[in-house]
Colleague: 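Quick one: structure below, then a few questions.
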Amino acid sequence: MRVTATSTVMRARAIAGTYVVTLAWDFQPGQDGKREGLMGFAVERTELKGGQIVERYWMRSIKRFRDKDRGLLPGTPVSTADHPIQSFQWADYTAQANCHYRYRIVPVYGLVKNLTLDEDSAVLMEVATEIEFLLKPDAPNDAARHDVYFNRGVIGSQAFARRFKNANPKDASPKSEEMVWLSRGLYEALQAFIGLAEDERFALRAALYEFHYQPVANAFAKAVEAGADVKIVYDGESSYKHDNELTIANAGLDQMGAVKPRTVSEGIRHNKFIVLLQDETPIAVWTGSTNISEGGIFGHSNVGHIVWDKTIAEAYFHYWERLEANLTPTKLREPNRTASPLPVGRPMPNSTTPVFSARDEKDSSATLQWYADRMAEATQIVCFTVAFNIDKVFQEVLNRDNDVLRYVVKDDDLGDGETITRDRDVLFAAGGYLGSGALVNFLEERGNPLNRNDYIHDKFMLVDPLGDDPLVVTGSANFSQPSQRTNDENMLVIRGDTRVADIYFGEFMRIFDHHYSRYLVKKLTETGRHDPEAGYLKEKPSDWVPTHFNPASYKSKRRRYFLGA
């Protein structure tokens with residue numbers, strides 16, 4: 001949901017997803033004088049229910065002035081009315097689903113210990129977060145409905161350190177407080193989707209790579225016991241084979257005749273999708289990047305994505321049938337291309353297009369090039385998640401000199417031969433956490449004990465997500481050559497759905513901003529230039545305001561693009 005608002009002095013925009021509300025603001029044209037003496041902005045949030053105020057308070061942040069409120073413990077959130085936000089963009093990561101919020105953004109002036117809130121210049125806007133659906137629609141939809149669930153994916157964070165004292169969550173119950181916090185609805189939605197197969201009217205068809213989280217396997221078994229027809233093809237070839245089969249046996253799925261190993265050895269059997277059928281008709285598909293593992297659901301960053309659309313679900317069902325036949329990549333390529341052809345240029349407006357792999361010939365990069373061409377069409381913003389390597393077709397686009405803001409977040413640092421930051425409008429972050437003493441005002445964080453691939457496991461790309469015609473690409477494929485040539489993979493290309501784009505955009509910026517600051521600390525430390533006291537607010541407006549209005553700075557473009565100006 002997107003909302004804009006104005007006052008005589010300011011203008012603002014809110015982009016609401018399910019658990020994130022991104023806020024952007026600026027002064028009205030002709031109000032340049034308001035920059036003088038500007039110390040930042042305070043943000044007040046009011047929650048409303050039935051027109052009545054539930055709560056109202058100044059939102060809090062960790063970044064503060066060094067010499068104000070001395071004695072606070074590191075990592076203590078402070079009021080933005082006392083320690084204002086020194087930016088023209090911020091996000092509320094504490095929002096909840098299906099809530100009505102009122103945000104008031106107030107310019108702050110004065111001195112560090114004598115601040116004045118310019119209430120007369122404030123701008124106010126109201127926005128509703130998206131409903132978190134856990135049940136199928138009561139009636140057929142004219143268009144596909146997408147339900148999107150992101151886990152938190154940030155064990156190494158101030159919030160986890162403060163709330164759980166950096167506890168090790170490995171092997172904890174999925175109902176434990178820390179696991180519920182890490183899941184943030186992803187596990188619950190997955191369980192609820194499987195649970196929709198409640199009797200003999202329903203069937204499930206799943207294709208899974210890592211299938212070794214016992215509570216989910218037990219949920220499939222429960223569906224079988226309820227009378228549903230459940231069939232699962234799983235990776236029976238890689239190093240996950242043993243754990244997969246042990247989990248299957250513990251759930252009794254092998255004795256129920258519900259599983260079949262996929263034993264093709266070329267490529268990897270990398271899908272993570274489940275088709276729901278009712279009365280033998282496919283009605284929905286669960287897909288995304290989330291492996292059925294403890295680390296996939298609770299550890300590194302992942303998304304589960306449900307599409308309620310019979311045409312899309314049927315396409316996935318027939319893809320599952322090809323996988324169930326244990327076909328090799330050579331035999332899959334042509335039927336997959338036929339079943340999910342790439343459009344010529346951009347997809348049709350307001351459409352959802354599945355893309356199944358294996359599809360490209362061994363010497364072809366046709367599908368990656370098609371994705372790169374879509375990236376190149378952006379006019380303002382690109383958001384790109386990469387778990388492993390950045391292919392050369394994307395490097396070529398990212399290295400072009402233009403005014404498009406291109407955000408890239410990767411699980412680890414750039415590798416040999418990966419060059420993407422020749423243009424200053426390309427912003428790169430690698431996964432990380434703050435170690436002991438990294439920033440004096442911040443708590444020490446912990447690493448991720450649940451995964452080898454520690455931080456970023458999402459595979460999605462957003463092209464102009466804040467425009468009227470956004471493009472979202474999401475699924476299981478790592479935007480790599482093997483993902484198109486030899487692997488079992490699936491992707492969705494969603495054009496024109498601003499609701500989906502808003503959810504993905506908020507979550508992307510949450511993930512990117514989290515890791516960007518940690519990445520900068522790491523890189524500066526490696527070169528001996530890091531200042532442990534760098535995490536404080538600036539005490540003079542001249543130290544932070546000008547860069548937001550310098551046309552050559554990405555912060556100036558961000559101020560305009562996020563606002564929609």
Colleague: Is there a donor in the side chain of Asp92 and an acceptor in the side chain of Tyr101, or the other way round, less than 3.5 Å apart?
Modeller: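 Distance-only check fails for Asp92 and Tyr101.
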
Colleague: If you draw a 6.0 Å radius around CZ in Arg422, do more than 12 non-hydrogen atoms from other residues or ligands fall strictly inside?
Modeller: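 Not buried by this count: 12 neighbours or fewer within 6.0 Å.
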
Colleague: Let me have the donor-acceptor pairs involving side chains of residues 535-550, under 3.5 Å, with sequence neighbours excluded, atom names and distances please.
Modeller:
residue : atom : partner : partner atom : Å
Trp544  : NE1  : Leu38   : O            : 3.3
Thr547  : OG1  : Ser553  : OG           : 3.2
Asn550  : OD1  : Ala552  : N            : 3.0

Colleague: Indicate yes or no: at least one non-hydrogen side-chain atom of Tyr455 is less than 4.5 angstrom from one of Val409.
Modeller: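 The answer is no, as the side chains (C-beta and beyond) never meet within the 4.5 Å cut-off.
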
Colleague: Could you go step by step and tell me if Phe150 and Tyr19 meet the ring-ring contact (aromatic ring centres under 6.0 Å, His included) rule?
Modeller: CA-CA 9 Å; Phe150 276 85; Tyr19 288 104; over 10 Å; no

Colleague: Any chance CZ of Phe88 has more than 12 other-residue heavy atoms, nucleotides or ligands included, within less than 6.0 Å?
Modeller: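 More than 12 within 6.0 Å, yes.
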
Colleague: When rounded to the nearest 0.5 angstrom, what distance separates CG in Asn399 from CD1 in Ile420?
Modeller: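 One finds 7.5 Å between CG of Asn399 and CD1 of Ile420.
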
Colleague: Hey, are Glu119 and Arg104 close enough for a salt bridge, meaning a charged N less than 4.0 Å from a carboxylate O?
Modeller: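 Result for this pair is yes, salt bridge flagged.
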
Colleague: Apply side chain to side chain contact (heavy atoms under 4.5 Å, CB included) to the pair Ile297 and Thr290, showing each step before the final yes or no.
Modeller: CA-CA 6 Å; Ile297 298 168; Thr290 308; 3.9 Å; yes

Colleague: Let me know which of Asp82, Asn441, Thr76, Asp69 forms a side chain to side chain donor-acceptor pair (under 3.5 Å) with Arg64.
Modeller: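 Going through Asp82, Asn441, Thr76, Asp69 one by one, the side chain to side chain donor-acceptor pair (under 3.5 Å) with Arg64 is satisfied by Asn441 alone.
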
Colleague: Just to verify, what does Arg495 make a salt bridge (Lys or Arg N to Asp or Glu O under 4.0 Å) with, not counting sequence neighbours?
Modeller: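 If we apply the salt bridge (Lys or Arg N to Asp or Glu O under 4.0 Å) test to Arg495, skipping adjacent residues, the hits are Asp469.
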
Colleague: Should Tyr433 and Arg518 be marked as a side chain to side chain donor-acceptor pair (under 3.5 Å) after you check the CA-CA gap, both sets of side-chain angles, and the distance that decides it?
Modeller: CA-CA 6 Å; Tyr433 63 95; Arg518 289 154 178 81; over 6 Å; no

Colleague: Is it the case that over 12 heavy atoms from other parts of the model lie below 6.0 angstrom from the CZ atom of Arg35?
Modeller: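 Buried by this count: over 12 neighbours within 6.0 Å.
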
Colleague: Any idea which heavy atoms bring Gly447 and Pro449 closest together, and the distance?
Modeller: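 That would be O-CD, 3.3 Å.
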
Colleague: Do any N or O atoms from the side chain of Thr129 and from the backbone of Cys99 form a donor-acceptor pair under 3.5 angstrom?
Modeller: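 Pair found, side chain donor or acceptor close to backbone of Cys99.
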
Colleague: Take the angle between the ring planes of Tyr504 and Phe460 and call it parallel below 30°, perpendicular above 60°, tilted in between.
Modeller: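 Aromatic pair Tyr504/Phe460 classed perpendicular.
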
Colleague: Quick one: NE2 on His457 to CG on Asp411, what's the gap to the nearest 0.5 Å?
Modeller: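 Result: 9.0 Å between the selected atoms.
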
Colleague: Tyr187 and ring-ring contact (aromatic ring centres under 6.0 Å, His included): which partner among Phe193, Trp181, Phe298?
Modeller: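 Among Phe193, Trp181, Phe298, the one that satisfies the ring-ring contact (aromatic ring centres under 6.0 Å, His included) with Tyr187 is Phe298.
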
Colleague: Closer than 4.0 angstrom, basic N to acidic O: yes or no for Asp502 and Arg499?
Modeller: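 Arg499 and Asp502: not salt-bridged.
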
Colleague: Should the pair Phe27 and Phe41 be assigned to parallel (<30°), tilted (30 to 60°) or perpendicular (>60°) ring geometry?
Modeller: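 Judged by the thresholds at 30° and 60°, the geometry between Phe27 and Phe41 is tilted.
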
Colleague: Looking only at side chains, do Ser157 and Arg152 share a donor and an acceptor under 3.5 Å apart?
Modeller: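 No donor-acceptor contact under 3.5 Å links the two side chains.
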
Colleague: Taking only Lys NZ, Arg NE, NH1 and NH2, and the carboxylate oxygens of Asp or Glu, determine whether Lys113 and Asp67 approach each other closer than 4.0 Å.
Modeller: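 Not counted as a salt bridge, because no side-chain N and carboxylate O are separated by less than 4.0 Å.
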
